[in-house]
Amino acid sequence: MNLTQLNRYWINYQEDNGINSPVRLDEVRYDASSGVEASFDLLEMLEGRYILHLSKAFHLYRDEYVHFILDHEFTHLADFLAYPYPKPSPDDLKERTRREENINTASDRNIFGKYGEINLPEKADGDNPFNSDSGKKLFDYMNTYSEFHACRVSLGNILRLRRNPPGTDVDVDRNIVPAPYRDISIKDMLSVCLRRADLSYRQFSIMMIPQVFVIYFRQMMYLMGYISHFSNAGEMLASSLKIMELESQEKQYLDLLEALKTAGVEEILTIANDIYKDSYLVFVKSYIRNHYKPELYTEEELEQITPDNYEEFVETLANRQGGRIWSGRVSPVFGVNNINRAYDGVDPDTIRQLVRNARPREQR
């Protein structure tokens with residue numbers, strides 16, 4: 001697709017969704033990284049440059065799949081333009097250069113496979129240009145609400161196109177979701193989401209690196225965006241959490257699902273940050289208990305660990321025993337590009353059980 005065609009699709013998207021923005025795409029580049037079909041770069045958008053990055057193979061894809069991807073990406077663009085809070089000033093970011101591969105996108109480009117990203121740029125030395133309060137809030141918004149919203153919109157449009165009206169049963173084994181060259185089933189799509197979430201959460205539980213949690217949480221937004229179309233979405237989410245052994249946080253995730261469906265941005269960000277803090281502290285404490293001798297710390301010390309002081313406590317333990325508690329970097333070796341590939345950890349038939357007799361609900 002050329003720039004004129006893409007802008008025409010963007011205008012049609014706005015008309016279909018009640019949006020009226022003068023923003024147009026400035027450029028299309030067929031330079032998306034391996035494993036990503038399409039993306040916008042958050043730093044470029046903050047600088048007022050609306051560039052859609054597409055896979056080099058994008059022109060080979062079926063029209064329905066192209067529309068599926070564009071619906072996802074243009075929802076990200078619309079959400080960015082509708083962001084209700086102050087954005088970081090582009091002047092604060094002028095000296096910051098975008099790395100081609102960085103800690104927040106190198107792994108998830110592979111892990112996420114076929115469904116596009118919002119890329120988070122970093123300085124060449126690895127410093128995150130979104131560490132400010134306004135930057136963090138924007139990043140959290142794009143990686144929680146906007147990921148959920150993009151998946152909700154793209155699947156909702158397919159359900160309507162395939163004539164699955166709200167309230168009717170959906171056979172999750174039928175080919176209903178477009179992929180580049182053929183259809184895949186809803187069961188396969190949800191299975192991939194759940195397995196990737198499970199895989200990345202297990203990596204987080206071992207490495208305890210914040211960026212790995214971002215990978216996991218973004219994949220949960222995909223899963224929650226897709227299942228939000230079904231009348232038993234809460235049950236499906238609870239079952240998914242049980243599979244990942246996260247039952248203790250079920251209420252938080254169910255509250256987040258409801259907030260996401262009603263677009264309560266402040267509530268979404270509050271719950272998401274609470275989930276992050278609780279999850280991170282659980283694994284910091286678990287890791288310490290499993291890898292350090294009990295005489296090196298007290299339970300009272302563990303209870304005083306917070307997301308703001310855990311690094312100091314890690315240094316304290318390192319000094320007491322020697323060595324470091326973790327390496328501090330993410331390797332992209334966990335990536336899986338084949339959307340139908342079998343992963344360890346989750347039985348494929350589990351998804352059929354989750355969505356049996358599921359009914360799509362009205363999206364808008």
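Predicted, not measured: the structure shown is a model, and the values here were computed from it.
- Checking side-chain atoms of Asp41 against main-chain N and O of Glu44 turns up a donor-acceptor pair under 3.5 Å.
- In this structure a side-chain-to-backbone donor-acceptor pair under 3.5 Å is missing from Arg49 to Leu46.
- The nearest pair of heavy atoms linking Ile227 to Ala233 is O-CB, 3.2 Å.
- Remark: Ile158 CD1 to Met189 CE distance equals 9.5 Å, nearest 0.5 Å.
- Pro178 and Tyr65 make their closest contact through O-CD1, 3.2 Å (heavy atoms, listed as atom of the first residue, atom of the second, distance).
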After noting the C-alpha distance and the side-chain angles of Leu256 and Thr144, does the key distance pass the side chain to side chain contact (heavy atoms under 4.5 Å, CB included) rule?
CA-CA 10 Å; Leu256 179 59; Thr144 53; 6.0 Å; no
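- The shortest distance between side-chain heavy atoms of Asp140 and Ile268 does not fall below 4.5 Å.
- Under the 3.5 Å distance criterion, the side-chain polar atoms of Asp198 are left unmatched by any main-chain donor or acceptor of Met244.
- Salt bridge Asp183/Arg62: present, at least one basic N to carboxylate O contact under 4.0 Å.
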Run the side chain to side chain donor-acceptor pair (under 3.5 Å) test on Lys137 and Asn273 for me, step by step, so that the C-alpha distance in whole Å, both residues' side-chain angles and the decisive distance to 0.1 Å come before the verdict.
CA-CA 10 Å; Lys137 199 165 191 174; Asn273 276 286; over 6 Å; no
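- For an aromatic pair to be called close, the ring centres must be under 6.0 Å apart, and Tyr30 with His53 fails this.
- Ion pairing of Glu37 with Lys56 is absent here, as no side-chain N (NZ or NE/NH1/NH2) approaches a carboxylate O to less than 4.0 Å.
- Put simply, the side chain of Tyr216 does not reach to within 4.5 Å of the side chain of Leu199, judged on heavy atoms.
- Taking the side chain as every heavy atom from C-beta outward, Leu70 and Tyr13 never approach each other to under 4.5 Å.
- For His72 and Tyr222, the ring centers sit closer than 6.0 Å to each other.
- Ile11 and Ile69 fall into different hydrophobic clusters, where Ile, Leu, Val, Met, Phe, Trp and Tyr residues are linked whenever their side-chain heavy atoms come under 4.5 Å apart, directly or through other members.
- Leu54 places a side-chain heavy atom less than 4.5 Å from the side chain of Leu6.
- Ring pair Phe58/Tyr61: centre-to-centre distance below 6.0 Å.
- Between Phe80 and Phe40, the distance separating the two ring centers is not shorter than 6.0 angstrom.
- Checked against a 6.0 Å centroid threshold, the rings of Tyr141 and Phe139 do not count as neighbours.
- Of all heavy-atom pairs between Tyr181 and Ala57, the closest is OH-CB, 4.3 Å.
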Verdict with supporting geometry, Asn143 and Arg218, side chain to side chain donor-acceptor pair (under 3.5 Å):
CA-CA 6 Å; Asn143 282 278; Arg218 195 184 295 174; 2.5 Å; yes
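- The closest donor-acceptor contact from the side chain of Trp10 to the backbone of Val23 lies under 3.5 Å.
- Without hydrogens or angle criteria, His229 side chain to Arg152 main chain gives a donor-acceptor distance under 3.5 Å.
- Within the 4.5 Å cutoff, the side chain of Pro88 has heavy atoms near those of the Leu138 side chain.
- Across every non-hydrogen atom of Lys87 and Leu81, the tightest pair is NZ-O, 4.5 Å.
- What you find for Asp26 and Gly48 is that their closest heavy atoms are OD2-O, 3.6 Å.
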Could you give me the CA-CA distance, side-chain angles and deciding distance for Ser191 and Arg195, then say whether side chain to side chain donor-acceptor pair (under 3.5 Å) is met?
CA-CA 6 Å; Ser191 179; Arg195 291 178 184 189; 3.1 Å; yes
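- Rounding to the nearest 0.5 Å gives a distance of 10.5 Å between CG of Leu42 and NE2 of His76.
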Test Cys151 against Met221 for side chain to side chain contact (heavy atoms under 4.5 Å, CB included), laying out the working first.
CA-CA 8 Å; Cys151 293; Met221 294 302 99; over 6 Å; no
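- Looking only at distances, a side-chain donor or acceptor of Asn2 sits under 3.5 Å from a matching main-chain atom of Thr4.
- Within the 4.5 Å cutoff, the side chain of Glu147 has no heavy atoms near those of the Phe217 side chain.
- Ion pair Glu301/Arg320 flagged as a salt bridge, since at least one NZ, NE, NH1 or NH2 atom sits closer than 4.0 Å to an Asp/Glu carboxylate oxygen.
- Summarising the geometry, atom OH belonging to Tyr253 is positioned 11.0 Å from atom OG belonging to Ser240; distances are rounded to the nearest 0.5 Å.
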Full working for side chain to side chain contact (heavy atoms under 4.5 Å, CB included) between His149 and Leu260
CA-CA 8 Å; His149 190 206; Leu260 287 163; over 6 Å; no
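- Of the charged side-chain nitrogens involved, none lies within less than 4.0 Å of a carboxylate oxygen, so that Arg202 and Glu245 do not count as a salt-bridged pair.
- Annotation: side chain of Met1 is not in contact with side chain of Val28 (no heavy-atom distance under 4.5 Å).
- Tyr85 and Tyr83 have perpendicular rings, their planes meeting at more than 60° on a 0 to 90° scale where under 30° would count as parallel.
- Two different hydrophobic clusters hold Met45 and Ile51 under the rule that ILVMFWY side chains link at heavy-atom gaps under 4.5 Å.
- A donor-acceptor contact shorter than 3.5 Å is absent between the side chain of Glu27 and the backbone of Tyr50.
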Would you sort out whether Leu194 and Ile243 count as a side chain to side chain contact (heavy atoms under 4.5 Å, CB included), showing the intermediate values?
CA-CA 9 Å; Leu194 181 54; Ile243 290 169; 3.7 Å; yes
Run Ser146 and Asp79 through side chain to side chain donor-acceptor pair (under 3.5 Å) and show every step you take.
CA-CA 6 Å; Ser146 189; Asp79 288 342; 2.9 Å; yes
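- Pairing each heavy atom of Ser39 with each of Leu52, the nearest pair is O-CD1, 3.7 Å.
- At a threshold of 4.5 Å between non-hydrogen side-chain atoms, the residues Leu257 and Met220 do not count as touching.
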